[in-house]
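Just so we're on the same page: letters track the sequence lines, and every chain starts at 1.
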Number of protein chains: 2
Amino acid sequence: MTERSDLTDIADGLPGSEPEGRRSADSSERAYNTIRKLLVEFKLKPEERINEMQLSRSLGISRTPIREALNRLASEGFVSLTPNRGFFVRSLSTEGLLDLYELRSIIECAAFRLMCERAEDDQLDRLRAYWEAIVEGYQDHPPDIILTEDEGFHLLIAELSGNPEIVAQLAAINARIRFIRRIQIEHRTHDKRQVASHSAIVDAAMRRDTEQGVELLRQHIEMTVSATQQALKDALLKVFAPGDDDAKPRRRRF
Amino acid sequence: MTERSDLTDIADGLPGSEPEGRRSADSSERAYNTIRKLLVEFKLKPEERINEMQLSRSLGISRTPIREALNRLASEGFVSLTPNRGFFVRSLSTEGLLDLYELRSIIECAAFRLMCERAEDDQLDRLRAYWEAIVEGYQDHPPDIILTEDEGFHLLIAELSGNPEIVAQLAAINARIRFIRRIQIEHRTHDKRQVASHSAIVDAAMRRDTEQGVELLRQHIEMTVSATQQALKDALLKVFAPGDDDAKPRRRRF
DNA sequence: CGTCAAGAAAGTGTCGACACTATTGCGTTC
DNA sequence: GAACGCAATAGTGTCGACACTTTCTTGACG
């Protein structure tokens, strides 16, 4: 028998970073935010089939906006759609997560390179200012804040690359790995190194030292990944996701 | 007054590369393919507001699957959605196209690097085989075939990187720049150089000469871009898209 | 007992209708 | 004659209903 998640106690919330210019606060939007939250918090479990009617009842929203939200989530890789069978929660295997982190690393390093080449001095100042404004007490902030600040830092680099497609892409990736980053942050590993790492990246940017910066970024993300590995295992365990640890070890560049 | 495209003579067709595992041949899918074709062929003009009801009548499909298709196209960047006003055709400015090409270059170069590090020898053989199978008479093929073959070549590199996210990402980008690539191919510029370029890339791959290959790819795409510039202007002219040539020249890396 | 099939139940895909919002057109006022 | 506001129109966002497909249940047959 297929286990079904029990969906009582559903509420809104979640800041929800918007990659593209989109809706405001209609029914469809609420559905999107709520469902994504359910996914991120494992209220909807990996591989599980999503029941539109049940969701519709739980959220008090008709199926049309729910389907709209699910389609959007499908485009973003959160769920998948099988023709006459419906939507399924896409399980992020260890391997799948590493793939995403790898892509993120590729894009961020490229963004840094472009930023060094193109950004005006005052734009680089903005980056430094952004980081200096939050570095104070960074480690004492609650996890959600840290997550937002951290994403903001990296997104700012993307913005300073001058290429909006890079920004959109990075934002989309962030949305997909956010759940695991949150878990990792709650584990509070490597805090100090994270801070130092960001500061070093800012320094390299200010000197427009492309190669140094890219290397730092690569290491930064690699560090994040390794810190995430254990968090991931915990998360998967917590949710008893199906077998997932085989993953033939493939060498990674970050 | 807002000019409205006249949508008579609508038919299906278009191979339609699927980035993610998705639908089969339902109503929604047909709507998606048809509308994307309309967009790609400028039957729906940049900045134009898309009338769901009109589309619904033209295609003989109710608004629900049409909206589903439009949402999907929004996620892919073809159209945008403004809350109570509907969907609009997203104009791809010259600048926007260059952004996409730049992102493509970033991703493809990274894919090549990963392929050199990870792919088994027989996989690299597959790449060579793929290219050798089509290089014969490549230049004589009809544009659509060339386009498919060309995308296939680059997608294969992405696949051999071993990272499915890279494949998906590249496929999505391809879908968005396909219309201009088609125009460029029809212009038939640089055919010979294209062929030589691909062959050289294969050679570098076989030798696992990462740096050489990446450099070749970069040049290859840069060449494509420059060949595309004129084609783009023609296309925009042909469609009298709104002002779009200001684009402060930003230095690009490909 | 296990296998298979037919029927029942559940669920998705699509439709037409309606409420509410934006837009257009028209008449009034200054 | 132009600007404003109001009414009429057009269009989007959402809903409930229904047809068709998949899945589950039950009972007959080996």
Exercise. Stepwise, does the salt bridge (charged side-chain N to carboxylate O under 4.0 Å, His left out) test hold for B:Arg118 with A:Glu102?
Worked result: CA-CA 14 Å; B:Arg118 293 186 191 146; A:Glu102 185 167 83; 2.4 Å; yes
Return the value, rounded to whole Å, for the distance between atom [atom1] of [X] and atom [atom2] of [N].
X	N	atom1	atom2	value
A:Gln54	C:dA9	CD	P	20 Å
B:Glu68	D:dT12	CD	P	17 Å
A:Glu52	D:dC20	CD	C1'	15 Å

Exercise. Do the side-chain N or O atoms of A:Ser62 get closer than 4.0 angstrom to the phosphate oxygens (OP1, OP2) of D:dC15?
Worked result: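 Result: yes.
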Exercise. Taking OP1 and OP2 of D:dT12, is either one under 4.0 Å from a side-chain nitrogen or oxygen of B:Asn84?
Worked result: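 The answer is no; no side-chain N or O of B:Asn84 sits under 4.0 Å from OP1 or OP2.
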Determine whether a donor-acceptor pair (N or O, by modelled atom type, separation under 3.5 Å) exists between the side chain of [X] and the backbone of [Y].
X	Y	result
B:Asn163	A:Asp99	yes
A:Ser56	A:Glu52	no
A:Thr148	A:Asp144	yes

Exercise. Of the candidate nucleotides C:dT12, C:dC15, D:dG11, which contains the atom at the shortest distance from the side chain of A:Arg49?
Worked result: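 The listed nucleotide nearest to A:Arg49's side chain is C:dT12.
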Exercise. Counting side-chain heavy atoms from CB outward, which of D:dT14, D:dG11, C:dT12 is closest to B:Asn51?
Worked result: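 Closest nucleotide among those given: D:dG11.
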For this session: Quick one: label A:Ile66 by what it contacts on the DNA or RNA (base, sugar-phosphate, nothing), any heavy atom closer than 4.0 Å.
Result: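 The residue A:Ile66 makes no contact with any strand.
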